[in-house]
Amino acid sequence: MREKYNHAKIERKWQRRWNEEKLFAAPGAAGPDKRYVLDMFPYPSAQGLHVGHPEGYTASDIVSRYFRMKGFPVLHPMGFDSFGLPAENYAIKTGTHPAVTTAKNIRNMRKQIKSLGFSYDWDREVITSDPSYYQWTQWIFLQLFKHGLAYESYAPINWCPSCKTGLANEEVVAGTCERCGTEVTKKSIKQWLVKITDERYIERLLHGLDKLDWPENIKLLQKNWIGRSEGAEVDFSVAPHPRVLAATTNPSKVVRFKKLLASIGTAPDLVTPADEHIKTIEVHEDGNLRENAEAKARAYFGKTKLPVLAVDTGLYIDGETHDPAMVRRTALGGKDESQLSRKQIMEHIIRHYSSVAKKHGGKVNAYWIDCFALVTPDGTVRFAEARRDIILTDTLHKPVDPHFPMRSLYINVATNKRPVDETEHEEVNIELKPVKDALSKLLCPVIRVFTTRPDTLFGATYMVLSPEHELVGSITTPDQKQAVEKYQTSAAKKSDLDRTDLAKEKTGVFTGAYAINPVNGAKIPIWIADYVLRSYGTGAIMAVPAHDERDAFFAEKYHLKFRHVILPKTYSQTQHYWEIFAHDAEITTQEAFRYDYQQICEGKEVPFAYTGEGTMINSGKYDGMDSVEFKKVITAWLQRQGKGKTAVNYKLRDWVFSRQRYWGEPIPIVHCEKCGHVAVPEKHLPVKLPNVKKYKPTGTGESPLAAIATWVNVKCPQCGGPAKRETNTMPQWAGSNWYWLRYCDPHNDKKLADPEKLKQWLPVDLYIGGAEHAVLHLLYARFIYKFLCDIEVIPKEFVKKNGDEPFIKLKNQGLILGEDGQKMSKSRGNVVNPDDVIKKFGADAMRMYEMFMGPFEDVKPWNTKGLIGMTRFLDRVWEWSLFLIEWYKDNPQAKNLHHGIVRQLHITIKKISEDIENFKFNTAIAQLMTYIKKVIVVNGQSYEGQSLLKREEFEIFLKLMSPFAPHIAEELWERLGHQKSIMYEQWPLYDEAKVQDEQVKFVVQVNGKVRDIVIARPDATVDQVRALALKSPKVRKYVATEPKKVVFVPGRLINFVV
RNA sequence: GCCGCGGUGGCGGAACUGGUAUACGCGCAGGACUUAAAAUCCUGUGUCCGCAAGGGCUUGUGGGUUCGACUCCCACCCGCGGCACCA
């Protein structure tokens, strides 16, 4: 009775030996022909390893071992991506600090990974939550900050109410949180963003994909995520209407003001404002308003004499402008005004009135006047744009009231009695230009739209602004104001999911304003609707219902006009089409239906919106032109007129980089009252995450770190004054977007990595991991790598030679489903635990089974029966091998007994080598099985008693199997008497001549149907094969007469056509 | 809706560049060994007709190209993944 195969014992033995001998340490010096084989490092979860992990790890291990045996220097490292939400949530649930659970999880997972016998160089392990690592993550952030690629913003972002943190766009899946599935809402809080959309990078991120050996679908996913579209930006002027108000202390300034307006009126792209569009208020120096304008002015400014001018901040409260001195006194409650900044004073005032209003159940109607211009007595213009939204939001912790009462331009003329406070206003330009710009914005706002279809410009019959568009307030006419504001409020309340859920039924409101179509001067209504997104393009569109489905639905609902400008080329009844449209360019929806578009546009389901190309109609002198051609022509025309230009837009948004959570890298920034954002000096890195007891998310948008006063309050590194640390932490992706660089030089405490070492190993030759990272990790990592190339962390000459893409080849492992064909989950109870599998069947069986399940990149269900089949195979190999080892002792000169066996070996070497390179591990293993079957069983007889193989041939077999089942191969190799590990043995080579057989089966077909098979030499000629074939009675049966034609494929087939 | 991937025995899957469809594994059936069972080994196994020899049919469906189609083309159906009013 031979020894049974004891996987537990053998695997333990070899794992220990490999580890002790540091067999898999990457060599110090790698030549140009190195191989960097990388796995996506795991998140150390409490659940430990999932069966999906070993799938990828086994594949990378097979390839690494294969490369080593091929003689390449191999870097094959592993680490842990250990910052992130699950650890923190788990910590909150169990009351254990995330650092503790993370360390424990890492220990467990490291043990699990090691128990599979992967050939990682563990001395290079990196752990992202380790300060010696995240010091460099923070360092990278500082470089981004210093290069203007990290900035703070108040813009509304995706907020997960369950995780209580902001999310990047990439982390939102169908309107829900990628991690927990909770519906994502919008929240306006201060956020750090990384400018991944920067023009220096976005095109490179897009075009870099072309060169990569990545799965096409992943490349496409990234491409679509970046979402580049080419088109044009077109400016539509808003038709003016009276709404402008100006004030001055000096009647003579009115003249100046009017002059100013006149000069604006002459600007080419603006409609000259007529007198009736401008209301001026003349104000005497004594504070009295001039009688003819007084009534109008009172309506805006209230009863007081000159308060607006005196309250130079432009505060307007509760429908009345208050005496500034009194307001301040009350609000400040005795505080010394001279000690406070202007902003602080305003905050006090707003808070005060906010509480007053609360008491009375009303609301505060306070706002800043939007544009603020100061004209000093000597004629200098100082200009500042008040940032109303920001200050109000910041102070009141709530969104700005969209019922902002009005917009006005406010010109404050400083007198000699009240000198201008230099510190309060940013000096923009001593020319009149800024004032002009501000005025022109107000007088004749221009709505800029982005369109990919400038060829349909003549068909624009209305415009739509997104409800959040900043021009909505100023263009809305008084009679539409209420409706518009109501719509804005309801749109603001909707989550993204609501907005997209209602995709079919579009809603909107007319603003009362009209715009002028730049190509034909047509006056078209301006609407607001939430089907237009503020975040894409310019937040405004020109609507062409005749050639855009969305616009068509909207126009249909609100009875807006259709104007057809493109005639489908395929449309045969041109005459009919002309009858309808050429003579009746603009028609209503009802008419559109009456004309039965279904027929006209060839039965398309949304017939009234033809979105294809064609011939221009209803487009003035351009009628008859091809629409593709016209697109270029009209864009050029717009450009010449200064009314538009070619433009490119992207779907990609900047990357929200701060998380309001504890367990992440602190953002190394200090907020100083005087100096603003100050980078923590590099020598002070890492900014360590304080060890605290309370790390629950606050939910208010503040990080839990904000509560730790001792940590938060620091001295400004620049001026030494009081300052506060940034309390947000970085997202999970921060640590993972550069970790493969650290593997090259993991213990360097002076630099992120030694450039020489980076040069040695970069780029990553093969990267293996899940496809779920297509637009998260893989996009971020590419961006950061490009940035690090630009700032020469990666040596310049290296980048020049090797490009700025980090991962040359990418493979995604397919998801492993549960035995029931469903996704593995605890609730379904179909989760397979790798530990159990290893314990029961062994690491080699598990590795081989996972590789044998099916194509590496496919989704495939787990099947324990299949695993049993694999152990059967390994047992059989083991037993047979022990027999051979014994046998060779007695028969050292053993010869192989069958001629075909040699050929089988060469076929096997060839097949397995090629399959490993092509990631076809399943068929490689099938070939191992086929081979074994062929050498064990011949003509129905089992191997017992004789060897069909020479010793060298058996050794080759062990080498071929060693990347797949390294433990068993190593053990057998040793038992054959070898001292050195099989892992650095030379990979076997095959002889193509020996792969070929001397006898080949020729398929004999008659009329394409297989009738027989004949044996001949592979180089047999047509005549030889034909003669052979015709001898067969099976063939002759069908070929009675001379065949009409004979098709011959050398070495394969002959086909008689009769 | 759009984009991508896929559909082959009872199941996981294989098939070069258009050339024997169903390799390999699982399962199943029969046999050997055994007092018996398990394990192991051997044989068979797409499907229909037939005692057999043999023949028909078969790669989601329907067409087409070809001497010959899982493979190429057209239309459709189904499944999976991604995006989702992106102007």
Side-chain angles (χ1 to χ4, degrees), chain A residues 173-175 215-221 223-225 227-229 231 449-453 456 464 466 496 499-504 506 529-533 535-544 548-551 553-554 605-606 649-652 771-772 774-775 814-815 821 849 852-855 857-870 872-873 875-876 879 914 920 922-931 933 936-937 940-942 944 1001-1013 1034 1037 1043-1049 1051-1058:
Chain A
V173 178
E216 283 305 315
N217 62 325
I218 297 286
K219 290 207 261 183
L220 208 70
L221 237 50
K223 205 178 147 192
N224 292 343
W225 191 263
R228 183 183 202 274
S229 351
V449 303
F450 172 73
T451 177
T452 53
R453 295 296 304 274
T456 62
V464 187
S466 72
D496 261 17
R499 262 168 97 149
T500 50
D501 259 5
L502 298 168
K504 294 292 160 219
K506 299 193 196 318
D530 65 7
Y531 81 92
V532 173
L533 309 173
S535 55
Y536 184 79
T538 60
I541 60 158
M542 62 174 208
V544 186
D548 182 285
E549 285 191 11
R550 293 155 300 176
D551 299 341
F553 281 120
F554 192 80
E605 215 172 293
V606 186
N649 251 293
Y650 303 90
K651 284 202 253 183
L652 187 70
E772 68 274 18
V775 290
L815 193 67
Y849 170 64
F852 187 62
M853 286 168 82
E857 307 199 75
D858 283 12
V859 179
K860 39 209 176 274
W862 184 268
N863 178 7
T864 304
K865 284 274 173 56
L867 190 54
I868 292 169
M870 192 54 73
R872 220 175 266 167
F873 169 73
D875 282 342
R876 184 193 269 207
E879 248 197 76
E914 287 174 358
K920 292 166 75 175
N922 55 333
T923 50
I925 291 171
Q927 183 59 38
L928 279 174
M929 292 172 164
T930 308
Y931 181 67
K933 218 156 88 169
I936 293 184
V937 183
Q941 287 205 309
S942 192
E944 286 296 342
K1001 289 175 187 167
F1002 277 82
V1003 173
V1004 184
Q1005 295 181 336
V1006 179
N1007 287 339
K1009 282 197 194 293
V1010 181
R1011 293 302 173 186
D1012 203 0
I1013 282 157
K1034 288 183 194 168
K1037 194 169 147 193
K1044 272 186 229 157
K1045 192 176 163 190
V1046 177
V1047 180
F1048 180 71
V1049 182
R1052 273 195 187 278
L1053 151 151
I1054 188 159
N1055 186 11
F1056 298 100
V1057 185
V1058 292

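Chain A is the first sequence line, chain B the second, and so forth, proteins listed ahead of strands; every chain is numbered from 1.
In a base pair of the Watson-Crick type (N1 to N3 plus N6-O4 or O6-N4) or a G-U wobble (N1-O2 and O6-N3), with each distance short of 3.5 Å, B:G6 is matched with B:C78. Judged by Watson-Crick or G-U wobble contacts below 3.5 Å, the nucleotide B:A21 has no partner. In this entry B:A15 has no Watson-Crick or G-U wobble partner, no candidate having both defining distances under 3.5 Å. Nucleotide B:C72 forms a Watson-Crick or G-U wobble pair with B:G64, both donor-acceptor distances falling under 3.5 Å. Across the strands present, B:U40 finds its partner in B:A32; the criterion is a Watson-Crick or G-U wobble pair with both atom distances under 3.5 angstrom. B:U45 is paired with B:G27 under the Watson-Crick or G-U wobble criterion, all donor-acceptor distances under 3.5 Å. With a cut-off of 3.5 Å on both pairing distances, the Watson-Crick or G-U wobble partner of B:C83 is B:G1.
Closest to the side chain of A:Thr930, out of B:C83, B:C24, B:G19, is B:C24. When each of B:G55, B:U20, B:A87 is scored by its nearest atom to the side-chain atoms of A:Thr451, the top-ranked nucleotide is B:A87. Here the side chain of A:Val1047 is nearest to one of B:G55, B:C67, B:A87, namely B:C67. For A:Val532, taking side-chain heavy atoms from C-beta onward, the closest of the listed nucleotides B:A87, B:C26, B:C24 is B:A87. In the set B:G27, B:C85, B:U20, the nucleotide with an atom closest to the side chain of A:Val1010 is B:U20. For A:Asp530, the listed nucleotide lying nearest its side chain is B:C85; candidates were B:G27, B:C85, B:G55. Checked against B:G25, B:A87, B:G68, the side chain of A:Asn1055 finds its nearest nucleotide in B:G68. Nearest nucleotide to the side chain of A:Leu1053, out of B:G19, B:A87, B:C26: B:G19.
The two residues A:Ser229 and A:Thr452 make their nearest non-hydrogen contact at CB-CG2, 3.8 Å. When every heavy atom of A:Ile925 is checked against every heavy atom of A:Phe852, the shortest pair comes out as CG2-CD1, 3.6 Å. Shortest non-hydrogen contact noted between A:Arg1011 and A:Lys1034 is O-CD, 3.7 Å. The two residues A:Glu857 and A:Lys860 have their closest heavy-atom pair at N-NZ, 4.4 Å.
With hydrogens and angles disregarded, a donor-acceptor distance shorter than 3.5 Å links the side chain of A:Asp551 to the backbone of A:Val544. Under the 3.5 Å distance criterion, the side-chain polar atoms of A:Tyr849 are left unmatched by any main-chain donor or acceptor of A:Thr864.
Distance A:Tyr849 OH to B:C26 P: 11 Å, rounded to the nearest Å. In this entry the distance linking CZ of A:Phe1048 with P of B:U20 reads 14 Å, nearest Å.
Using P as the reference atom, B:C16 and B:U71 are 12 Å apart when rounded to the nearest Å. Using C1' as the reference atom, B:C11 and B:G56 are 27 Å apart when rounded to the nearest Å. Rounded to a whole angstrom, the distance from the C1' atom of B:G55 to that of B:G7 is 30 Å. Comparing B:G10 with B:U34, their C1' atoms are spaced 31 Å from each other, to the whole Å. A gap of 15 Å separates the C1' atoms of B:U45 and B:C24, to the nearest Å. Rounded to a whole angstrom, the distance from the P atom of B:A29 to that of B:C67 is 47 Å. Here the separation of B:G18 from B:G30, taken at their C1' atoms, is 40 Å to the nearest Å. Comparing the C1' positions of B:C3 and B:G64 gives a spacing of 27 Å, expressed to the nearest Å.
Each of A:Lys1009 and A:Gln927 has a nearest nucleotide on RNA chain B; the 5'-most of these lies closest to A:Gln927. With the nearest nucleotide of RNA chain B identified for both A:Ala926 and A:Leu652, A:Ala926 has the one nearer the 5' end.
Judged by distance alone, with hydrogens and angles left aside, A:Gln1005 brings a side-chain donor or acceptor within reach of the base of B:G19, the pair sitting under 3.5 Å.
Here A:Arg228 lies out of heavy-atom contact (under 4.0 Å) with every strand. Nucleic acid contact class of A:Lys223 (heavy atoms, under 4.0 Å, all strands): none. Heavy atoms of A:Leu221 sit under 4.0 angstrom from primed sugar atoms or phosphate atoms, though from no base atom. Within 4.0 Å of A:Lys1001, counting heavy atoms only, lies at least one base atom of the nucleic acid. Within the nucleic acid shown, A:Lys865 comes within 4.0 Å of sugar-phosphate atoms alone, with no base atom in reach, counting heavy atoms only. The residue A:Gly227 sits apart from the nucleic acid: no heavy atom pair falls under 4.0 Å.
Ring planes of A:Phe1048 and A:Phe1002: parallel class, angle under 30° (limits at 30 and 60°).
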Scan nucleotides 3-16 of chain B nucleotide by nucleotide, 5' to 3', and note B when protein non-hydrogen atoms come under 4.0 Å of the base, S if they reach only the sugar-phosphate, - if neither. SS-------BSSSB
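Scored by the side-chain hydrogen bond (donor to acceptor under 3.5 Å, both in side chains) test, A:Asn649 finds no partners at all (sequence neighbours excluded).
Base orientation of B:G9: syn (glycosidic angle within 90° of 0).
Crowding of A:Lys223 atom NZ: a count of heavy atoms from other residues, nucleotides or ligands under 6.0 Å not exceeding 12.
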